[in-house]
Amino acid sequence: MIQITLPDGSIKEFHRGATPMDVAISISEGFARNVISAKFNDITIESSTPLMENGSLTLFTFNDVEGKKTFWHSSAHVLAQAITSIYPNVKLTIGPAIENGYYYDVDLGDEVISDKDFKDIEQKMLELARGKHEFKMREVSKEDALNFYKSQNNQYKVELIENLTDGEITFCDHSDFTDLCRGGHIPNTGIIKAVKVMSVAGAYWRGDEKNNQLTRVYGISFPKQKMLTEYLELLEEAKKRDHRKLGKELELFAFSAKVGQGLPLWLPKGAALRERLENFLKKAQKKAGYEMVITPHIGQKELYVTSGHYEKYGEDSFQPIHTPKEGEEFFLKPMNCPHHCEIYNNKPYSYKELPKRFAEFGTVYRYEQSGELHGLTRVRGFTQDDAHIFCTPDQLDKEFKDVIDLVLYVFKSLSFENFTAQVSLRSKEKSEKYIGSDENWEKAETAIINAAKEKGLDYVVEYGEAAFYGPKLDFMVKDALGRSWQLGTIQVDYNLPERFDLNYKGADNKLHRPVMIHRAPFGSMERFIAVLLEHTAGKFPLWLTPEQVIILPISDKYQKYAENVLCLLENSEIRALIDDRSEKTGRKIRDAELNKIPFMLIVGEQEEENGTVSVRKQGEGDMGTLTINEFTSFITKEISSTLEQF
RNA sequence: GCCGGUGUAGCUCAGGGGUAGAGCGUUUCCUUGGUAAGGAAGAGGUCAUGGGUUCAAUUCCCAUCAUUGGCUCCA
């Protein structure tokens, strides 16, 4: 007999060779029907794998992340099988489960899969799934494994196997299909009831541009048809929150092929909204001791040679602007730091004057690859809410923490709760990619980790993600479709002060090197507004939204009164407009609701007589009648309650 | 940049080898209406651009541009 420990701590006895499924049945038949995989002593196994020793067992259903992973990974096998049967000459490579579904990378040779072929693949998959084929693992020797794939001319699998250790190689068989596989499958294909091929994409073998390009087929599958339907509906819902769609509908920004791709045009409402965001941050920054500066959009080549950006990115990123004078070259600025370094260099500083904090809403230009451009989240011209802090090494710790406080204030004011923090350090191999001494990097990396810890951030450490000039702390937020974007960033830089020969006079009357912090709480105005749009589905906080109030006169007769109300609201700095169309009230309300205007003021005979307004809140309905004064103070209070001071 | 998809009215989209259609919006007129769509009439398109095939191309083919899902990249 063996003793099996379950997640609740209870221990049950089973005969040697009992399977996880036997354990599941001993708990309940109904539960067993939903069990699709298991983990035994932290190793993912099939529900049919015999248990030969004492240990702890966790059973997974589709509701568990692990269960989904197993389900989707198994589905990837079926996808590969379906593709192989439709395209017999295909070479399979890898097919992992991902956050939502799975993909399989295949080499199709000269053939092409396009979305017209999805239906066929889906049907084939379902047909194969209905066969209820069991997934069976078997060990193979390295030699046999290599021979198996060499006979198929599959250089990809051969490469994979060559990197594996003999004795640890397993194949997974189901039906007539065999694949190199580490394990972790559902009992049989029959529980895959709904499949959908989502898209195809080009992907390089092992993610390296120099390698062959493979076709990546993305799919998703579920144990119930209804779950697939719901998933697709969820995707449709998410698309409604897409900032590109909302930005167009709310007339915030636009693109023009004539102006150029990736170069956003801010429409009046968007520009005003952006200005409010800027003012919000300016106010907080002023309190935090920042000083605004302004620098030009271009800089001499020499500036970027000094900063090191030219050497690092000059060739493939931005082209020089030539002027009539011989040999003169300027570049569009890809970042503001070199300019700010020169501002620092404008005069000598004593340690008593530090830290200096120079802030600028600086517009920068970067030649992003055309395929990478995406709405407002990745563009070629954008404005950073940039600032550079020059301080003594002793001040670094406090300054860094203060910046974290500022970022958290910004996020809190805009109700961004689901962000994660990422500490980006050098790759462990420490390639020559990085500028600066080991010692300085060490100091900076330690400072960041300490600050993140002390501020109680929920952070992950990523090696190899640091900027070439220093380590950083980034704040990541997901968009409507679950894609992760970097917003706020705080970066320590020991390198630019060196390159620009920045210094200050210390108490010892000697010159010292200041430390520099780059930081941008929003990241960029463009990306921040994009993510904010998706988070709020266009229902911005009251203080930020383009139109706060719309006045709806019952008929033309009350137009004059509506104008009076408008005038009074504007005196209180409330953004309002009148819907003076010759439409019925119901219609005006409907349109205002759809335009997401937070407050509607209905005015007619009664209101005119009493100097009142009938208030309706977007999404919530009638709030009753208030005098104009009562309403303006109500709005003012609403705004101040949602926007705390820094 | 690479692999797929898409490009038709201001917006959302249908259509299809014989030079175009819907809904919404817009304009004009009627209606002056009290908490999510009042009625009528009209205007509006070189079917992304440039080539090719064809008697004939918006439709088929190729290229370019833009856009889109990924990959790679990302200061």
Side-chain angles (χ1 to χ4, degrees), chain A residues 98 103 105 108 112-118 198-218 239 242 244-245 248-249 251 255-262 304 307-310 312-314 316-318 333-338 364-375 378 380 384 386 465-470 472 481 483 485-486 489 491 493 496 518 520 552-559 581-595 600-607 614-625:
Chain A
I98 51 176
Y103 66 79
D105 278 353
L108 286 164
V112 171
I113 292 182
S114 81
D115 53 1
K116 291 176 193 73
D117 307 313
F118 292 179
M198 300 301 289
S199 63
V200 286
Y204 300 102
W205 169 238
R206 306 220 133 169
D208 190 334
E209 228 174 319
K210 291 178 206 88
N211 289 337
N212 280 357
Q213 182 147 27
L214 309 169
T215 302
R216 177 168 298 179
V217 184
Y218 285 89
K239 276 186 196 155
D242 191 313
R244 292 166 296 189
K245 181 176 149 68
K248 196 182 247 180
E249 282 172 8
E251 294 180 18
F255 289 90
S256 147
K258 246 188 200 116
V259 172
Q261 57 177 348
Y304 303 108
S307 72
H309 294 110
Y310 181 79
K312 198 76 190 168
Y313 298 103
D316 38 68
S317 278
F318 40 102
K333 72 173 170 189
M335 73 284 295
N336 305 297
C337 4
V364 297
Y365 301 90
R366 300 178 185 179
Y367 189 81
E368 302 289 355
Q369 293 188 82
S370 62
E372 185 54 38
L373 298 172
H374 181 96
R378 181 163 244 91
R380 283 179 171 169
Q384 297 178 310
D386 214 354
E465 289 291 309
F468 74 88
Y469 51 75
K472 56 184 182 170
L481 290 171
R483 289 174 293 221
W485 296 100
Q486 176 204 312
T489 179
Q491 316 183 351
D493 188 343
L496 283 184
H518 310 246
L552 312 178
I554 296 283
S555 83
D556 297 353
K557 287 186 222 155
Y558 313 106
Q559 175 69 16
R581 294 174 304 167
S582 170
E583 291 288 352
K584 291 192 175 175
T585 312
R587 181 48 186 271
K588 292 183 180 181
I589 286 170
R590 180 182 155 79
D591 289 344
E593 288 278 348
L594 292 176
N595 282 328
M600 286 153 258
L601 301 184
I602 292 126
V603 295
E605 193 179 354
Q606 294 158 34
E607 288 77 13
S614 174
V615 184
R616 183 187 163 100
K617 192 168 182 182
Q618 200 265 352
E620 291 179 28
D622 199 345
M623 289 177 63
T625 304

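To find a chain, count down the sequence lines: A is the first, B the second, and so on, and within it residues start at 1.
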Below 3.5 Å between N/O atoms, which protein atoms pair up with nucleotides 22-28 of chain B? Just atom names and distances, please.
from   : atom 1 : to        : atom 2 : distance (Å)
G25(B) : OP1    : Arg587(A) : NH2    : 2.1

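Distance from the side chain of Glu593(A) is smallest for A36(B) among the nucleotides G38(B), A36(B), A75(B). Distances were taken from every side-chain heavy atom of Ile602(A) (C-beta onward) to each of U31(B), G69(B), U35(B); the shortest belongs to U35(B). Side chain of Pro334(A), nearest nucleotide from A75(B), G69(B), G4(B): A75(B). The side chain of Tyr218(A) has G70(B) as its nearest neighbour among G33(B), U68(B), G70(B). Of the candidate nucleotides A36(B), U32(B), C71(B), A36(B) has the atom lying nearest to any side-chain atom of Ile589(A). Of the candidates G5(B), A36(B), G70(B), the closest approach to any side-chain atom of Arg616(A) belongs to A36(B). Among the nucleotides G69(B), A37(B), A66(B), the one closest to any side-chain atom of Ala257(A) is A66(B). Side-chain proximity of Ser555(A) to U35(B), U32(B), A36(B): nearest is U32(B).
Every stem involving RNA chain B, taken as at least 3 paired positions in a row under the Watson-Crick or G-U wobble test at 3.5 Å, is listed here: B:1-7 with B:65-71, B:10-13 with B:21-24, B:26-30 with B:38-42, B:48-52 with B:60-64.
Side-chain N/O atoms of Lys248(A) include one lying less than 4.0 angstrom from OP1 or OP2 on U12(B). Residue Gln261(A) places at least one side-chain N or O closer than 4.0 Å to OP1 or OP2 of U67(B). A close approach under 4.0 Å does not occur between any side-chain nitrogen or oxygen of Arg216(A) and OP1 or OP2 of C3(B). The side chain of His374(A) contributes an N or O atom lying less than 4.0 Å from OP1 or OP2 of G69(B). Between Ser370(A) and G1(B) there is a side-chain N or O to OP1 or OP2 distance below 4.0 Å.
Nearest heavy-atom pair across His518(A) and Leu496(A) is CE1-CD1, 3.9 Å.
Gln384(A) comes within contact range of no nucleotide atom at all, as no heavy-atom separation falls under 4.0 Å. Residue-level contact check: Phe255(A) touches neither bases nor backbone, having no heavy atom under 4.0 Å from any strand. At the heavy-atom level, Ala201(A) lies under 4.0 Å from base atoms of the strands shown. Among the heavy atoms of the strands lying under 4.0 Å from Gly207(A) are primed sugar atoms or P, OP1, OP2 only; no base atom is included. At the heavy-atom level, Gly604(A) lies under 4.0 Å from base atoms of the strands shown. The residue Asp115(A) sits close only to the backbone: its heavy atoms come under 4.0 Å of sugar-phosphate atoms, none of a base. Note on Gln486(A): nothing from the nucleic acid sits closer than 4.0 angstrom, heavy atoms only. In this structure, Val364(A) reaches neither bases nor backbone, as no heavy-atom distance under 4.0 Å exists between it and the strands shown.
Nucleotides U54(B) and A48(B) place their P atoms 23 Å apart, quoted to the nearest Å. Across G69(B) and C13(B), the matching P atoms stand 14 Å from one another, rounded to whole Å. Nucleotides U59(B) and C47(B), compared at atom P, are 9 Å apart to the nearest Å. Taking atom P in both C3(B) and G10(B), the straight-line distance is 33 Å, to the nearest Å.
Comparing Glu465(A) and Glu605(A) by the nucleotide of RNA chain B that holds the closest heavy atom to each, the one mapping nearer the 5' end is Glu605(A). For the pair Phe118(A) and Gly262(A), nearest-nucleotide mapping onto RNA chain B gives the more 5' position to Phe118(A).
Although no hydrogens or angles enter the test, the distance criterion places no donor-acceptor pair under 3.5 Å between the side chain of Arg380(A) and the main chain of Tyr367(A). Judged purely by atom type and a 3.5 angstrom limit, Lys239(A) has no side-chain atom pairing as donor or acceptor with the backbone of Lys245(A). In this structure, the side chain of Asp591(A) does not engage the main chain of Lys588(A) through any donor-acceptor pair within 3.5 Å.
For Glu251(A) and G10(B), a side-chain-to-base donor-acceptor distance below 3.5 Å is absent, hydrogens and geometry of angles not being considered.
Under the 4.0 Å criterion applied to side-chain N and carboxylate O atoms, Glu593(A) and Arg616(A) are assigned as salt-bridge partners.
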